[in-house]
Protein chains: 2
Amino acid sequence: MAKRPPSMFDVAQASGVSHQTVSRVLNNHESVSDKTRAKVLASMEKLGYRPNLAARALVTGKSSTIGVLSYDTTLFGPASMLHAIRESARDVGYALNTVTLKSIDRESVENGIQELINAGVDGLVIIAPHYVGDKPFSNIPGSVPTVIVEGEDAGKIPSVNVDQILGAQLAVEHLISLGHKRIAHISGPENWFETQKRIEGWKCALDKSKLSTKSLVAGDWSARSGYEATKEILKDPKVTAIFAANDSMALGALKALSEAKIAVPAKMSLIGFDNLPESEFLVPELTTVTQDFQEVGKRSLDLLIAQIEGKKISTKRLAITPTLAIRASTAKAPH
Amino acid sequence: MAKRPPSMFDVAQASGVSHQTVSRVLNNHESVSDKTRAKVLASMEKLGYRPNLAARALVTGKSSTIGVLSYDTTLFGPASMLHAIRESARDVGYALNTVTLKSIDRESVENGIQELINAGVDGLVIIAPHYVGDKPFSNIPGSVPTVIVEGEDAGKIPSVNVDQILGAQLAVEHLISLGHKRIAHISGPENWFETQKRIEGWKCALDKSKLSTKSLVAGDWSARSGYEATKEILKDPKVTAIFAANDSMALGALKALSEAKIAVPAKMSLIGFDNLPESEFLVPELTTVTQDFQEVGKRSLDLLIAQIEGKKISTKRLAITPTLAIRASTAKAPH
DNA sequence: ATAATCCCCGTTATCGCTCACATGGCGATC
DNA sequence: GATCGCCATGTGAGCGATAACGGGGATTAT
């Protein structure tokens, strides 16, 4: 027999004031004398009063919830991002309503967005690492504050991105500086935003040094795909360095190289992307690019909250700078 | 100028019925003629009507949201679990409100629970891999349906667990069957539930075979800690096999063994726990224990929904059976 | 002493929905 | 043909909070 939990009226009655005064205390309204405030707070404590969020949401039209649309959250990147966003959101008093997509066709993206909007979120964070075709996110009502993370530009929606091109350039230029001439790339799946940017950075760095041979094999972020891709790459004996678009694929590459009895870094240099906590403990320790997910999460939430609170936003495009962690898997080119 | 979105009354007016009829259509109530139903649905479509969840939650007292209390969701285990729960929840029409804990003292656990309850969740999934001291979760009102995942028994709260003891036994017995006599264990942090269970399974298996030497070093799930722990273990030259309590630590162990020039599995067998997607591509491929997180998530949600809907629950303790994935990192003991 | 001004607090309406109950119509029953 | 009963629909209340406005009492100004 769960009896009805105490409402404002119960608290009001218990402390001999009106429910409105209770509401004022709750919202830290100023025009309440210290004495009554204390009285009300005492009654709230005594009765174990908890405000009913649904009722508040109904009347204010604000749910104090932000919606996050994401993709496979078992992957290190999305998981870290989500975690960072959650932490930031909690700090500013927002709950999270997360929808994860299984596939990323246009329809499921729109469904996910619709679902979140129906749930009454105050704002939207879209972790959109894929290209979804033309007019993405067209069904977001203009009234819903939105931030896009790691996604393609979508009109005037603010976005936060790690500078993927720069990250790839850092990696490849490091290899070039070590004297490598033929640097293969294991990319992510074609329809990912990050994939394209990293390819672009890789190509750009090669072009800058007039290295025209660009051997590219696409993976799917998994270790298995890195393993397979590397076997493919090894058909060209001139390749002396591999830039994998993430650490998992680099790990798979390591296995393929080991099976082919090609020493890393003596005969082949290898570089990854993401800096998994484990990467430092691979054999050999993996040189990789570090993205500050924490920072991305924090920044995107700042941007979102600013919109929700109706503040003017100065920067619409925020780029986070990645850094290179140089470790043992890269060395001077052989010869 | 965001004008007010259409409400039931708008739909009612547009289709010439009462708001109550609209409500009935919305909730698939039977006593509505096909003709009016169609008419109402058409108006809803035309006006772009979306039910206001907050209003519904207010009057029904149900939010169609379940709360999840979890720990560091960047770890593979919790992340997978969370993902599975989210999928299952969505399938049955529930949203998720997740709170992640930074530390796991009793107070933050209770705060987290309180926070979720205040938010009006219909049920609670507590992923509680730690021992939190006595009377954990004591502040959960009896009226809030709850399921504990991977946690210690807490009175009459239903729980779903992977059989960690069995998992550890499988691992250790596999090593024993290969002739290993001295099998060291790298455990997780002491205050984790899983740590204790895996230690128990390890000890139990050793006892069964009358192996009395039990060298145990505690790690913290990280690759680094596995690396350090292994260096410690190697001080005893009689150890021929290591059972690490998760794959990340096993990966760290691999590095320490490589540095000590101890061949795996020729001189040392190594076994992990979790079966990370990457583990199959380590060098050598890692033998490990597989937990079906998907299943755990699905089962726990079933249990929760059953409670929410007031059904009788037959099983209060659900154990999921782990399996052993035998790969290249384990082999016959040397000599 | 009277008017003006604040400060505190109460009254009433409202958000969008569901629940409990009332009502009208039509066929079946005797 | 009057009674019953069921089906389809409407009416009114109320969920628990905030918003807008109104009003008494003490303080200050005139």
Side-chain angles (χ1 to χ4, degrees), chain A residues 2-44 47-65 93 95 117-122 143, chain B residues 2-41 43-44 47-65 93 117-122 143:
Chain A
K3 67 174 181 304
R4 192 175 51 77
S7 77
M8 285 184 95
F9 286 85
D10 300 317
V11 176
Q13 205 155 26
S15 36
V17 297
S18 80
H19 67 110
Q20 177 59 10
T21 300
V22 178
S23 168
R24 277 191 269 256
V25 170
L26 212 60
N27 298 303
N28 291 314
H29 205 288
E30 43 194 45
S31 302
V32 180
S33 74
D34 290 349
K35 206 169 63 179
T36 37
R37 183 186 303 274
K39 207 163 50 180
V40 170
L41 286 172
S43 309
M44 295 204 309
L47 297 180
Y49 168 76
R50 301 290 154 188
N52 182 321
L53 286 270
R56 174 180 294 166
L58 174 58
V59 63
T60 60
K62 257 82 190 58
S63 61
S64 289
T65 297
I117 290 179
N118 290 350
V121 299
D122 295 343
S143 53
Chain B
K3 65 172 182 305
R4 191 175 50 76
S7 77
M8 283 184 99
F9 286 85
D10 299 317
V11 176
Q13 204 157 25
S15 35
V17 298
S18 79
H19 66 109
Q20 177 58 14
T21 300
V22 177
S23 169
R24 277 190 269 255
V25 170
L26 211 59
N27 297 305
N28 290 316
H29 203 289
E30 43 194 45
S31 303
V32 181
S33 74
D34 290 348
K35 206 170 63 179
T36 32
R37 183 186 303 275
K39 207 162 51 179
V40 170
L41 287 172
S43 307
M44 295 204 309
L47 297 181
Y49 168 75
R50 301 291 155 186
N52 181 320
L53 282 295
R56 173 180 295 166
L58 175 58
V59 61
T60 59
K62 258 81 189 63
S63 60
S64 290
T65 297
I117 290 178
N118 290 350
V121 299
D122 294 344
S143 53

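So that the names make sense, note that chain A is the first sequence line, chain B the second, and so on, each numbered from 1.
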### Task
Please report the shortest heavy-atom distance between B/S43 and B/S15, naming the atom on each side.
OG-CB, 3.1 Å
### Query
Going through the distances and angles, do A/V11 and A/H19 end up as a side chain to side chain contact (heavy atoms under 4.5 Å, CB included)?
CA-CA 7 Å; A/V11 176; A/H19 67 110; over 6 Å; no
### Query
What pairs meet the side-chain hydrogen bond (donor to acceptor under 3.5 Å, both in side chains) rule with one or both residues in residues 53-63 of chain A, with sequence neighbours excluded?
A/S63-A/D122
### Those residues of residues 48-62 of chain A lying under 4.0 Å from DNA chain D by at least one heavy atom
A/Y49, A/R50, A/P51, A/N52, A/A55, A/R56, A/L58, A/V59, A/T60
## Note on the structure
Nearest heavy-atom contact between A/S18 and A/A12 is C-CB, 3.6 Å
### Query
What residue pairs, at least two apart or across chains, pass salt bridge (Lys or Arg N to Asp or Glu O under 4.0 Å) with a residue in residues 7-30 of chain A?
A/R4-A/D10
### Minimum-distance pair of heavy atoms, taken over all atoms of B/R37 and B/H29
NH2-O, 3.0 Å
### Task
With side chain to side chain contact (heavy atoms under 4.5 Å, CB included) as the test, would you mind laying out the steps for A/L26 and A/Y49 before giving the verdict?
CA-CA 11 Å; A/L26 212 60; A/Y49 168 76; 3.8 Å; yes
### Task
For DNA chain C, note the earliest and the latest nucleotide, 5' to 3', having some atom under 4.0 Å of a heavy atom belonging to chain B.
C/dG16 to C/dA20
### Query
For B/F9, does its backbone N or O pair with a side-chain atom of B/S7 as donor and acceptor, under 3.5 Å?
yes
### Task
Give the rounded distance in Å between these two atoms: NZ of B/K39 and C1' of D/dT9.
11 Å
### Message
Are there over 12 heavy-atom neighbours, none belonging to A/Q20, within less than 6.0 Å of that residue's CD?
### Response
yes
### Summary
Scanning both residues in full, the closest heavy-atom pair of B/A57 with A/A54 reads CB-CB, 3.9 Å
### Query
In whole angstroms, how far is the C1' atom of D/dC15 from the CG atom of A/D10?
13 Å
### Message
As an exercise, state the distance from CG of A/L53 to OG1 of A/T65, rounded to the nearest 0.5 Å.
### Response
8.0 Å
#### Entry: pair B/P5-B/R50: side-chain heavy atoms closer than 4.5 Å
no
### Task
Rounded to 10°, tell me the angle between the two end axes of the helix from C/dA4-D/dT27 to C/dC30-D/dG1, each built from five pairs.
50°
### Query
Got a sec? Which of residues 18-34 of chain B come in under 4.0 Å of DNA chain D, heavy atoms?
B/S18, B/H19, B/Q20, B/T21, B/R24, B/S31, B/V32, B/S33
